[in-house]
Engineer: 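Before I ask anything, let me first share the structure, which is written out below as structure tokens.
Basis for what follows: all heavy atoms, side chains included, without hydrogens, waters or symmetry-related copies. For ligands, and for the atoms within them, numbers begin at 1 and follow the listed sequence. These numbers were taken from a predicted model, which means no experiment stands behind them.
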Amino acid sequence: MTLATINPAVVECEYAVRGALAIRAEELKKEIAAKGRAQAGFRSITSCNIGNPQQLGQTPITFFRQVAALIEYPNLLDAQHRDAIKGMFAPDAIERAQKLLKAMGGSVGAYTHSQGIPLIRENVAKFIEERDGYPSDPNDIFLTAGASPGVQLILQTLIAHEKVGIMIPIPQYPLYTASIALFKGNAVPYYLEEETNWGLKLEELERAHTLGKSRGHDIRALCVINPGNPTGGCLSVSHMKQIIEFCHREKLVLLADEVYQTNTYMPETFPFHSFKKILMSMGPPYSTSVELISFHSISKGVIGECGRRGGYLECTNIDPKVKDMFYKVASISLCPPAQGQVMVDLMVRPPREGDESWEGYRGEVGRIYASLQKRAAQLAEAFNKLEGVSCQPAQGAMYLFPQIHLPEKAIAAAKKAGVAPDELYCMELLNATGVCVVPGSGFHQKSGTWHFRSTFLPPEEQMGGFIRSIQGFHEGFLKRYA
Ligand code: DCS
């Protein structure tokens, strides 16, 4: 195989979250391991390029890990160990592990149903019913290895020929552009409005759709990320209704990426509403005809179990014969990871009031949430204090996406080096401080504007130092290119 002979779509697709910056960060990590520090003097890399909370020290939820541990080593549940484990595992964790083990035929090492363990799908459906107040059918749920393969399964199914267009927000999470490129479809971009905290306007959807059609695209779906990545914006009910009406009018499948549904930091003003709930609340013809696929994941929220790979998708108004095709394709990969499925069960069925683990669970979740909320505000405030930087607050998700006004000289230097100006900025930031963020160009952005995306996941006690190193770098950068 050579680059000239392999599938060009594989060569051409790009995924910035783990792109050039992340590769350079790996090199620096090796340098630090060998010499104790990087050339610029810093002793560690702060990975703010990826929403990977546990990598930055967020602690896993105790109840979840107790259940996971017992499932992993069920010998602990044998009668002779009963007394020994009593002090270490809560009774409700023991009970849950037993139930889940039974549902998976006794071992987490066995393949499961390709659509996911039936008991867990039933629990997901109950969770959705409680969240939204409308029925959900376990047979419409597919458990997945994180939201990513779910999104890819649907995109692959939708992209029937090379003219198919999928409407995606700009800025977007690069899973969408990369997967659409891999499956040889066309991304039809609609732009979010930075000035109104990355709001979504109906006129913009109409403009993008008309332009896409005029370019010969056969537009089949509209993707919405809510709360937004990288923007942190949360949609209002009235905007969601407009989006649903638009999908109905234009016969588009609505893809609702709702992986950040519990990461909302201004819940009174910007609460999360699922598209499923809003669609059902609108009644016929919308509730009975708009095709909707909703995605959720164990990677986000306050759970952050990214490496375990778990998530689900829910189908609403999808032709049963098409669902059969989803099932067939899912079965080619046999099944989602069983450990990931277990975590989905725990996410949708955490301890409840009255359970032995309730108080501890509530405390942990509350602390992580409050800290994320605090760090989001603290970092946005710090970014807004930097000269030439403006940053919308994060209503949700795990990221800030500040706009940076770069000096002409920096833009010229980037052009000379053959990189985007925001990439030059981020690369210099990494080399000077060890802070790894992602250039806005990786998410696409309004032409002529430059951004970067940073998670607000560094631990609270490191936030001050983290902010100071960005401030110091930024001042130096502006001077260098003045
Ligand atoms: N959808 C959105 C909007 C995401 O941000 C992510 C992950 C996913 C789907 C997929 O997550 P899982 O496959 O793990 O469920 N976000 C990436 C990011 O921007 N940083 O970290 C990962």
Engineer: List ligand 1 atoms under 4.0 Å from Arg309, heavy atoms only on the residue side.
Structural biologist: 12 (P), 13 (O), 14 (O)
Engineer: Number the atoms of ligand 1 from 1 as they appear, then name those within less than 4.0 Å of a heavy atom of Asp257, with their elements.
Structural biologist: 1 (N), 2 (C), 3 (C), 9 (C)
Engineer: Say whether Lys300, considering both its backbone and side-chain N or O atoms, lies within less than 3.5 Å of an N or O atom on ligand 1.
Structural biologist: yes
Engineer: Would you kindly say whether Tyr176 and Asp257 are connected by a side-chain donor-acceptor distance under 3.5 Å?
Structural biologist: yes
Engineer: So is Tyr399 close enough to ligand 1, meaning a heavy atom under 4.0 angstrom away?
Structural biologist: yes
Engineer: Name the residue from Tyr399, Tyr265, Phe466 that meets the ring pair (Phe, Tyr, Trp, His ring centres under 6.0 Å) definition with Phe456.
Structural biologist: Tyr265
Engineer: Given side chains that start at C-beta, do those of Met266 and Thr269 come closer than 4.5 Å, heavy atoms only?
Structural biologist: yes
Engineer: Within the structure, does Ser299 bring an N/O atom to less than 3.5 angstrom of an N/O atom in ligand 1?
Structural biologist: yes
Engineer: Can Lys30 and Glu27 be counted as an ion pair, charged N to O under 4.0 angstrom?
Structural biologist: no
Engineer: Quick check on the 6.0 Å ring-centre criterion: do Tyr312 and Phe142 meet it?
Structural biologist: no
Engineer: Relative to the heavy atoms of Ser297, which atoms of ligand 1 are at a distance of less than 4.0 Å?
Structural biologist: 12 (P), 15 (O)
Engineer: Of all the atoms in ligand 1, which lie at a distance below 4.0 Å from a heavy atom belonging to Gly51?
Structural biologist: 20 (N), 21 (O)
Engineer: Under 3.5 Å, is there a donor on one side chain and an acceptor on the other for Gln341 and Thr112?
Structural biologist: yes
Engineer: Quick one: which ligand 1 atoms are inside 4.0 Å of a heavy atom on Arg453?
Structural biologist: 18 (C), 19 (O), 20 (N)
Engineer: Only heavy atoms of Tyr260, strictly under 4.0 Å: list the atoms of ligand 1 that pass.
Structural biologist: 3 (C), 4 (C), 5 (O), 16 (N)
Engineer: If you count the atoms of ligand 1 from 1 in the order shown, which ones are under 4.0 Å from a heavy atom of Gly146?
Structural biologist: 13 (O), 15 (O)
Engineer: Working note: Ser454 + Leu379, criterion side-chain contact (heavy atoms from CB on, under 4.5 Å); need CA distance, chi angles, decisive distance, verdict.
Structural biologist: CA-CA 9 Å; Ser454 174; Leu379 193 57; 4.1 Å; yes
Engineer: Does Tyr15, backbone or side chain, put an N or O under 3.5 Å from an N or O of ligand 1?
Structural biologist: no
Engineer: Below 3.5 angstrom, do we get any N/O pair linking Ala147 and ligand 1?
Structural biologist: yes
Engineer: Looking only at N/O atoms, are Asn52 and ligand 1 under 3.5 Å apart anywhere?
Structural biologist: no
Engineer: Centre-to-centre under 6.0 Å for Phe246 and His209, is that the case here?
Structural biologist: yes
